[in-house]
Amino acid sequence: MTDATLQPSSPATAKVETPFQRFRTEFFESRIASGAFVVLVIIILLAILAPWITPQNPYDLAQVDVLDGRLPPGSEAFAGYTMWLGSDGAGRDLYSAILYGLRISISVGLASGVIALLIGMAVGLIAAYVGGRTEAVIMRVVDLQLSFPASLVALMLVAALGKGVDKIILALVVAQWAYYARTVRATALVERGKEYVEAAQCLGLSKMRVVFRHILPNCLAPLIVVGTVQTASAVSLEATLSFLGVGLPQTEPSLGVLIANGFEYMLSGRYWISVFPGIALLLTVASINLVGDHLRDVLNPRLKK
Amino acid sequence: MTAVLEVSGLKTHFFTHAGVVKAVDGVDFTVSKGEVMGLVGESGSGKSITGFSILGLIDQPGRIVEGAIRFNGEDIANAPEAKLKAIRGNKISMIFQDPMMTLNPVLRIDTQMMEAILAHEAVPKKEAWERSRDALGLVGIPSPEERLRAYPHQLSGGMRQRVSIAIAFLNKPDLIIADEPTTALDVTIQAQIIYEAQKLTRQTGTAMIWITHDLAVVAGLADRISVMYAGRIVEQGQTDDVIDRPLHPYTVGLLGSVPTANNRGERLFQIEGMTPNMLALPEGCAFAPRCGSASAACKVPPPVEHIADRELRCYHPQAQVAAQ
């Protein structure tokens, strides 16, 4: 902790650095993290802007021409535009399909990440603050959940629920909430024992206020880290499920579906159908992970120089 | 003088797996308006638990098993949580030992001060802010407007303790419980903090319980002193009386172990033995095994004796010894 010593009554200290500003300076000190952050921002922008910057809407069957199928990168489509990354078996322009796929992959990852985070956070906070039997029951459920691999849980659920974006989000939430719950509980337990919580109770503040206003903000650092890493793993988990054919339907191709589609053509030399979506997936997951990794370095006081 | 707080027969026990820990075992004292009472004792003697019992903040597996805590005439021992919440931070507030830990690191000073006001009074935010600023000024913090915008890590330890004191005085409480508020500070800051606290109690008429293990601190600050040992108050009286003519052998020992200019170079007096295990207290007087004057009579718990306006739990008052 930097000891910003105070010269009494010096107006120069009037400009107070907020924790966020300090965090920002520290985060961008690392080149790798800054690079990963830039890549991530570009990927997200591409995904958001997909409808405006792609020549084809791969979901609109009227725009997809089977005659364009399996064209190598750089070929010209029947409609006249160039397919810089080639096309897949159904005649979808891969560049367009990848951007639309990113849209789905990222939004599925984010949605499931946010929902799992909210559920896990609430459950973990309750466990830590209430304690006793409630905590024991909650944490045994969490342990049980974590004793299964996330992919297995998600696979079983999707197999039972069927295909669809909402179902896959549900499956990912079920597979991942426990990680958040465990992290929040562990941090909240430590924070709960600290004197400022006792001091807040001595001020006569309500329980809700103590939990959400005092304990929760102090648990955010590890939560942000777990959140980014878990979002990356949600993206790759979704790709895994889609690749296995139990995730998203063929009509809404995510990156996993695209890779799976190209798989059968791999040995016939048509590498691009699988490889380009694969690179997109790799870049997305790696950049999120790198950002998350560096967040942990910055936010963990124990790793501070 | 009217009594703000009357504690009588307070017993707070902890029911652990290893047995019952009688952390506070029959404590009586009274604090009047504007009075500072020093509650002195070693670590583990139950002084902090006494403070938390008053606020009703005893965590499982502990609870108040017996006794009354009359605050402004009303018994608040085992009162419902809603009632205690209205008292905490409003009528009775607390100052903690470590100012590094008692302020929430992620909230700005103004947030933390204003919520202390807003938790008890429905006043406009602007007024809460102004009162916070004035309170900071009152404890001697320069340019309070700027400090209000600061985060705790931007303030020094002494500054943070001043903030804690300002928060404690914010709602003009009737009683403040200060739990070793100067222990974590260096000596010069300690003196300043004591000065501020003393000044404020005089100005506002707030009563104060100053919990400490440091007799030197309470000697200059408190009006009355209560000495605690193993969950009981063993001696109680006006500060001057207790310091000048200690009656209980334990008080004598404590005073003897304070280094002064008079015993420079000599070996410092030390009370023999260790603080007793709270799970297995000796029969009768808990101090007997460490006491030079102990006799067979000490196997029976000594009753409270009133000598002039002092209270004592001992069969062997040390007045003669001290006089020699």
Side-chain angles (χ1 to χ4, degrees), chain A residues 1-23 129-135 187 189-224 299 301 304, chain B residues 51-52 55-57 59-60 81-82 84-109 111-113 115-120 140-143 145-159 164 167-168 170-171 177 179:
Chain A
M1 205 177 272
T2 46
D3 213 323
T5 40
L6 288 165
Q7 285 83 39
S9 67
S10 75
T13 51
K15 201 163 177 290
V16 169
E17 195 189 34
T18 64
F20 177 73
Q21 285 168 334
R22 198 170 31 138
F23 158 76
Y129 198 77
V130 177
R133 209 162 288 167
T134 322
E135 183 186 19
T187 330
L189 269 187
V190 174
E191 294 300 325
R192 208 206 144 175
K194 290 194 178 163
E195 247 181 31
Y196 71 84
V197 174
E198 210 155 43
Q201 287 172 333
C202 283
L203 286 177
L205 303 183
S206 67
K207 254 188 193 142
M208 294 298 266
R209 205 173 166 84
V210 172
V211 173
F212 287 102
R213 191 100 173 114
H214 285 258
I215 297 182
L216 181 59
N218 282 292
C219 300
L220 281 186
L223 206 55
I224 292 170
L299 292 174
K304 284 249 171 81
Chain B
F52 283 121
L55 282 168
L57 281 176
D59 281 331
Q60 286 296 330
E81 181 62 22
L84 287 169
K85 206 175 267 171
I87 291 175
R88 272 181 222 142
N90 190 23
K91 297 283 159 215
I92 306 179
S93 55
M94 188 134 186
I95 305 170
F96 286 88
Q97 176 172 355
D98 192 347
M100 300 295 170
M101 303 294 296
T102 50
L103 295 171
N104 192 328
V106 301
L107 298 180
R108 294 197 324 200
I109 303 295
T111 317
Q112 303 195 43
M113 294 189 81
E115 75 178 358
I117 298 176
L118 296 172
H120 297 285
I141 290 183
S143 48
E145 284 97 349
E146 276 166 41
R147 300 296 168 262
L148 274 175
R149 277 197 304 274
Y151 284 88
H153 73 269
Q154 292 165 320
L155 305 181
S156 66
M159 203 67 96
S164 311
I167 292 177
L170 263 183
N171 290 323
I177 300 170
D179 191 357

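The chains referred to below are lettered A, B, ... by the order of the sequence lines, with proteins before strands, and numbering in each begins at 1.
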Report yes if the side chains of A:N218 and B:P105 come closer than 4.5 Å at any heavy-atom pair, otherwise no.
-> yes
Point-to-point distance, once rounded to the nearest 0.5 Å, from CE of B:M94 to CD of A:E195 | 8.5 Å
Where do A:G204 and B:A119 come nearest, in terms of heavy atoms and distance?
-> O-CB, 4.3 Å
Can you tell which part of B:T111 gets under 4.5 Å to a heavy atom of chain A, answering side chain, backbone, both or neither?
-> side chain
Minimum side-chain heavy-atom gap B:F52-A:E198 below 4.5 Å = yes
Minimum side-chain heavy-atom gap B:F96-A:C202 below 4.5 Å | yes
In Å and rounded to the nearest 0.5 Å, what is the NE2 to CG distance from A:H214 to B:L103?
-> 10.5 Å
Distance (rounded to the nearest 0.5 Å) between A:L205 CG and B:Q112 CD | 10.0 Å
Would you mind telling me which of B:I141, B:D98, B:N104 has the largest number of heavy-atom pairs within less than 4.5 Å of chain A?
-> B:N104
Sort A:E191 into side chain, backbone, both or neither according to what part of it lies under 4.5 angstrom from a heavy atom of chain B.
-> neither
Under a 4.5 Å heavy-atom cut-off, does chain B meet the side chain of A:R209, its backbone, both or neither?
-> side chain
If we only count heavy atoms from C-beta on, is the B:K85 to A:Q201 side-chain gap below 4.5 Å?
-> no
